[in-house]
Amino acid sequence: MARVLHRRLLLLAAVSFAVVASLLRPAAAVRPFVLVLSGEDFLKDSAAHPSLPSADSTDDDGWDDFADDSPAADPLLSPSSWVPLLDPASPPLSGDETDSSADALFVAGARAMLSAASDGDDAAFATAAAQIEAAAEAGHPGAQSALAFLTGAGMTRPASRSLAFLLHKFAADAGDLQSKMALAYSYFRQEMYEEAVILYAELAEAALTSSLISKEPPVIEPIRLHSGTEENKEALRKSRGEDDEDFQITEYQAQRGNAANMYKLGLLYYYGLRGLRRDYGKAFHWFSKAVEKGETRALELLGEIYARGAGVERNYTEAYKWLALAAKQQHYSAYNGLGYLYVKGYGVEKKNLTKAKELFELAAENKEAGGHYNLGVLYLKGIGVKRDVIRACNLLLHAVNAGQPKAIYQVAKLFQKGIGLKRNLHMATMLYKSVAERGPWSSLSRWALESYLKGDVGKALLLYSRMADLGYEVAQSNAAWILDRYGDQSICMGESSFCTDMERHLRAHALWWQASEQGNEHAALLIGDAYYYGRGVARDYERAAEAYMHARSQSNAQAIFNLGYMHEHGHGLPLDLHLAKRYYDQAVEVDSAAKLPVMLALTSLWLRKNYADSFL
């Protein structure tokens with residue numbers, strides 16, 4: 001483990017738990033977050049750090065020490081949430097914490113706004129926006145947050161980023177978590193990490209806490225609607241839930257007694273993957289059937305279901321039984337679950353930290369992320385072991401590598417506090433952000449996707465735009481792509497009615513730019529094209545070159561080729577044939593598919609160089 005300090009680490013924070021990684025890969029189109037660390041990022045001695053958590057401290061400042069989590073409220077069910085407006089099965093919005101008339105006005109306005117977006121009714125949308133504005137003036141935080149979104153986008157009113165920021169600030173100060181997401185993202189874009197890290201830390205904690213309350217694993221499955229400029233048909237096909245042909249085949253095979261497909265079906269329902277609604281009852285049913293047929297992988301999931309109380313009454317004794325059976329079958333992640341029960345003293349005779357440590361070590365030795373995470377917590381806090389901060393850091397980093405959300409949160413806190421790792425607010429902010437985006441507000445992406453698949457492009461655009469305001473890159477690119485793809489339809493709400501072509505182009509342009517800032521090279525390429533050809537903006541070769549340079553930094557072959565062309569012709573860049581050739585050659589190195597266009601470009605370049613004054 002000590003060798004980690006002397007070589008570079010490449011750590012991949014994936015978007016989901018390893019247990020469902022194989023199911024997510026075909027549909028998920030999220031760019032992985034890559035964290036590169038060197039020995040210089042580690043502190044030599046952090047044992048005496050004043051912020052170091054203590055095993056017997058009553059104020060752990062958010063450090064996970066296996067304490068009982070019993071938060072009072074679920075952010076998903078707050079009066080400001082849009083989810084109850086979208087999901088008939090959700091509990092209704094409550095006005096207990098706000099003025100009832102303002103709450104009723106907000107609910108009516110938000111519901112009418114969603115309906116108007118579906119119907120393409122600009123007059124009804126304006127009426128709904130007026131209701132939301134009236135509720136905001138009455139001090140309703142959810143209405144203030146929604147009004148900030150409309151103001152920032154320029155829907156039914158002149159666009160004003162400063163006023164939108166102020167409204168989000170009012171809503172955030174009143175406790176609205178979606179506005180806190182929007183504010184944190186605004187600070188993040190401006191590189192104001194001192195402010196951003198505080199908000200994202202709070203939101204990341206709320207995201208993890210919410211998963212404990214709702215008993216839903218924090219798995220998100222964001223789907224990119226497009227691949228390049230075309231619709232991402234394969235990913236969309238696999239997101240149609242029970243209407244998907246692959247799902248129907250899996251279900252048919254499961255009903256015929258195939259144990260592997262029973263287990264797969266249980267996973268799909270348990271995590272709500274591929275466009276399915278989470279259904280713990282069905283998940284429990286199929287896991288139980290799979291176990292009866294000898295599918296041992298389902299043993300651990302049954303243990304987890306009983307431990308979480310997901311769809312069944314929580315029963316730690318049953319959880320221990322199923323986890324122990326899974327462990328006997330060498331399913332090492334079950335060792336991690338057993339270790340947790342021994343730490344807490346649940347379902348066993350008494351707490352046993354020595355036994356817990358042994359189980360965590362077995363899990364970690366077999367590359368189980370949860371084992372690395374829980375061992376890291378033991379060493380960080382000195383629970384049952386001698387405190388070793390550097391070892392804790394390395395263990396937690398291994399868990400981050402596997403995409404363990406709580407590990408990502410803890411490493412972010414290490415960066416924020418400067419414990420074990422050198423203080424780095426930029427890194428802490430990015431890590432917190434990746435966890436915060438797993439919060440209950442991320443469920444809007446599911447409703448946006450469902451709307452799009454049903455042909456309700458107007459509602460999909462509104463929901464993706466709302467998520468874009470909160471800083472979700474996939475939502476930003478999806479909203480921008482819808483605006484470009486469906487520009488001839490009456491779905492884009494502008495300042496006074498439907499968007500003019502200029503309003504639509506500018507809004508799409510702004511969304512593509514935000515997505516490009518977050519690593520979407522296709523977005524940066526489209527920004528460059530917009531400036532180069534004057535699409536929706538004034539032609540500006542220099543800004544086009546700037547965007548192409550941004551895409552080039554992300555190894556986009558088309559952008560690299562374009563830079564070569566601009567150097568060859570002196571468009572926005574100095575006329576330099578040697579540099580043009582260098583870019584053309586680099587485009588082929590990045591993508592062999594560029595070989596033919598590069599060959600033609602090099603032929604043209606040779607003619608320009610050797611026959612500059614001739615007819616050729």
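We number each residue from 1, following the sequence as shown.
Atom CZ of F170 is surrounded by 12 or fewer heavy atoms from other residues, nucleotides or ligands within 6.0 Å. In the displayed structure, E313 atom CD is contacted under 6.0 Å by at most 12 heavy atoms of other residues, nucleotides or ligands. Heavy atoms of other residues, nucleotides or ligands lying less than 6.0 angstrom from CZ of R161 number 12 at most. Other residues, nucleotides and ligands contribute at most 12 non-hydrogen atoms within 6.0 Å of the NZ atom of K355. Taking a 6.0 Å sphere around CD of E349, one finds it holds 12 or fewer heavy atoms contributed by other residues, nucleotides or ligands.
Side chain of N394 to backbone of I390: a donor-acceptor contact under 3.5 angstrom is found. Looking only at distances, a side-chain donor or acceptor of N424 sits under 3.5 Å from a matching main-chain atom of H426. Between the side chain of Y379 and the backbone N or O of V389, no donor-acceptor pair lies under 3.5 Å. Q404 places a side-chain N or O within donor-acceptor distance of the main-chain N or O of A407, the cut-off being under 3.5 Å. Between the side chain of S145 and the main chain of P141, no donor-acceptor pair closer than 3.5 Å is present. A donor-acceptor pair is defined here as one N or O able to donate and one able to accept, closer than 3.5 Å; no such pair exists between the side chain of H331 and the backbone of S333. In this structure a side-chain-to-backbone donor-acceptor pair under 3.5 Å is missing from N232 to S227. Judged purely by atom type and a 3.5 angstrom limit, N336 uses its side chain to pair as donor or acceptor with the backbone of G371.
Under the 6.0 Å cut-off for aromatic ring centres, H550 and W512 do not qualify, their centroids lying 6.0 Å or more apart. Residues Y332 and Y335 bring their aromatic ring centres within 6.0 Å. In this structure, Y200 has its ring center at least 6.0 angstrom away from the ring center of Y432.
K433 and Q518 share a donor-acceptor pair across their side chains, judged by distance under 3.5 Å alone. Neither side chain, Q329 nor R297, offers a donor N or O lying under 3.5 Å from an acceptor on the other.
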